[in-house]
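Here the structure is laid out as structure tokens; the discussion comes afterwards.
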Amino acid sequence: MPIPRRFLPSTSLLQAFEVTARTQNVTAAAKELSLTQSAVSRQIRALEEQLGTELFYREKQSLRLTSGGERYAREIREALQKISSASMSLRANPSGGTLNLAILPTFGTRWLAPRLPDFLSKNPGVTINLVTKMSQFDFRSEAIDAAIHFGEPDWPDCGFQLLRGEVVVPACSPDFKQVHQLETVEDLLLSPLLHLSSRPDAWEQFFALHGVLAPALEGMLFDQFATAAQAAMSGMGVALLPDFLIKDELEHGVLVRACEATLNSSPQYYLCWPLEHGKYGPLQAFSGWLRDICDED
């Protein structure tokens with residue numbers, strides 16, 4: 001059933017409203033839109049007449065959003081951002097083969113990015129746009145086709161494809177290991193431990209797995225593996241890091257295993273996507289390519 005035209009205001013009216021709502025000032029909105037103040041005011045009035053409701057309280061020389069106007073502004077801003085993103089994607093690839101992919105920072109830079117040239121060479125009609133995301137988000141409110149997710153396959157209304165698991169190792173610089181005479185799991189209790197905010201209980205799990213009673217654990221906190229790894233390389237402590245993400249550092253000896261104990265993470269890496277995107281061509285191509293390279297790893 002087609003949407004009645006009265007509920008589809010023109011983009012020019014919506015843009016005038018969004019800018020005015022964001023700046024709370026007609027003069028500023030007019031300057032941003034390269035229009036006159038009276039033109040912006042007329043567009044807002046026209047939008048209110050079309051919707052049959054006031055969007056602003058008009059108080060002397062100032063404007064203030066109504067409660068309904070605040071909600072409408074937020075939703076219109078998201079819609080305009082989606083339209084802008086879709087337009088940029090189409091311009092970048094007129095064939096429409098664009099995949100907007102959310103990635104985890106270190107996984108994206110260390111594991112995915114070096115492999116992407118292979119995908120692009122095998123799928124020349126597809127363009128991939130990458131955006132960094134540290135946590136789950138609402139696919140409905142962001143122009144994202146798929147995401148790399150670490151955790152359990154429990155994202156609502158999503159499809160999942162298992163990519164890989166991980167083995168976590170305690171890593172530090174060679175000098176740090178020598179100075180602190182690290183050999184066993186128990187030795188680590190006497191060393192500075194580096195923590196990840198996304199995995200706050202990782203060290204507790206590690207010690208418990210190896211039968212070591214650990215007191216309240218303290219230490220520096222990091223939000224990404226890359227910064228934790230750099231801190232470990234700089235001799236600031238021991239970090240629990242996925243071995244496949246620090247493969248080069250281990251091979252070149254700038255990081256070493258503080259001891260031989262490991263931890264197999266229960267959460268795993270997944271490609272996930274909103275169910276309605278499951279048959280989207282670029283996503284299917286990317287999914288198939290990931291399946292092949294993960295089988296080879």
Student check: side-chain heavy atoms of [X] and [Y] closer than 4.5 Å:
X      : Y      : result
Leu194 : Phe222 : yes
Arg110 : Phe244 : no
Trp203 : His195 : yes
Leu104 : Met134 : no
Pro9   : Gln50  : yes
Leu65  : Phe17  : yes
Thr23  : Glu32  : yes
Lys177 : Ser173 : no

Self-check item: Presence of salt bridge, Asp118 and Lys122, under 4.0 angstrom
Solution: yes

Quiz item: Is Arg22 paired with Glu18 through a side-chain N to carboxylate O contact shorter than 4.0 Å?
Solution: yes

What's the separation between atom [atom1] in [X] and atom [atom2] in [Y], rounded to the nearest 0.5 Å?
X      : Y      : atom1 : atom2 : result
Trp289 : Ser287 : CH2   : OG    : 11.5 Å
Asn25  : Ser62  : CG    : OG    : 9.5 Å
Thr11  : Leu80  : OG1   : CG    : 7.0 Å
Ile144 : Asp138 : CD1   : CG    : 11.5 Å
Asn264 : Gln205 : CG    : CD    : 11.5 Å
Met233 : Cys172 : CE    : SG    : 12.0 Å

Which heavy atom of [X] sits nearest to which heavy atom of [Y], and what is that distance?
X      : Y      : result
Pro105 : Lys133 : CD-O, 4.2 Å
Ser191 : Leu182 : OG-CD2, 3.2 Å
Ala202 : Leu263 : O-CD2, 4.1 Å
Pro170 : Ala261 : CD-O, 3.2 Å
Leu283 : His277 : CD2-O, 3.2 Å
Ala146 : Leu271 : CB-CD1, 4.0 Å

Heavy atoms from other residues, nucleotides or ligands near [atom1] of [X] exceed 12 (cutoff 6.0 Å):
X      : atom1 : result
Gln181 : CD    : no
Glu276 : CD    : yes
Glu218 : CD    : no
Arg58  : CZ    : yes
Lys82  : NZ    : yes

Donor-acceptor contact below 3.5 Å, side chain [X] vs main chain [Y]:
X      : Y      : value
Ser265 : Pro267 : no
Gln178 : Asp175 : no
Arg64  : Tyr57  : no

Practice problem: Carefully, step by step, assess Leu101 and Val131 under the rule side chain to side chain contact (heavy atoms under 4.5 Å, CB included). | Solution: CA-CA 6 Å; Leu101 178 68; Val131 58; over 6 Å; no

Quiz item: Can you check side chain to side chain contact (heavy atoms under 4.5 Å, CB included) on Ile148 and Tyr270, steps first, answer last?
Solution: CA-CA 6 Å; Ile148 302 295; Tyr270 294 87; over 6 Å; no

Exercise. Would you sort out whether Phe207 and Leu188 count as a side chain to side chain contact (heavy atoms under 4.5 Å, CB included), showing the intermediate values?
Key: CA-CA 9 Å; Phe207 285 117; Leu188 299 180; 4.0 Å; yes

Quiz item: Side chains of Gln224 and Thr106: is there a donor and an acceptor less than 3.5 Å apart?
Solution: no

Quiz item: What residue pairs, at least two apart or across chains, pass salt bridge (Lys or Arg N to Asp or Glu O under 4.0 Å) with a residue in residues 179-205?
Solution: Glu166-Arg199

Quiz item: Do any pairs count as a salt bridge (Lys or Arg N to Asp or Glu O under 4.0 Å) and have a residue in residues 143-160, sequence neighbours left out, and if so which ones?
Solution: none

Quiz item: Out of Phe119, Trp273, Phe286, which residue meets the side-chain contact (heavy atoms from CB on, under 4.5 Å) rule with Leu99?
Solution: Phe286

Self-check item: Candidate pair Phe176 and Val256, rule side chain to side chain contact (heavy atoms under 4.5 Å, CB included), full reasoning
Solution: CA-CA 10 Å; Phe176 185 93; Val256 296; over 6 Å; no

Self-check item: Residue list, side-chain contact (heavy atoms from CB on, under 4.5 Å) with Leu275, at least two apart or on another chain
Solution: none

Practice problem: Please report the C-alpha distance between Tyr269 and Trp111 in whole Å, then the side-chain angles of each, then the deciding distance to 0.1 Å, and finally whether the ring pair (Phe, Tyr, Trp, His ring centres under 6.0 Å) criterion is met. | Solution: CA-CA 12 Å; Tyr269 292 90; Trp111 188 86; 8.2 Å; no

Exercise. May I ask you to check whether Phe107 and Phe150 place their ring centers less than 6.0 Å from one another?
Key: no

Quiz item: What do the steps show when you test Arg140 against Glu78 for salt bridge (charged side-chain N to carboxylate O under 4.0 Å, His left out), and what is the final call?
Solution: CA-CA 10 Å; Arg140 295 170 299 180; Glu78 292 172 355; over 6 Å; no

Practice problem: Give the cluster check for Leu221 versus Leu193: same hydrophobic cluster or not, with ILVMFWY residues linked at side-chain heavy-atom distances below 4.5 Å. | Solution: no

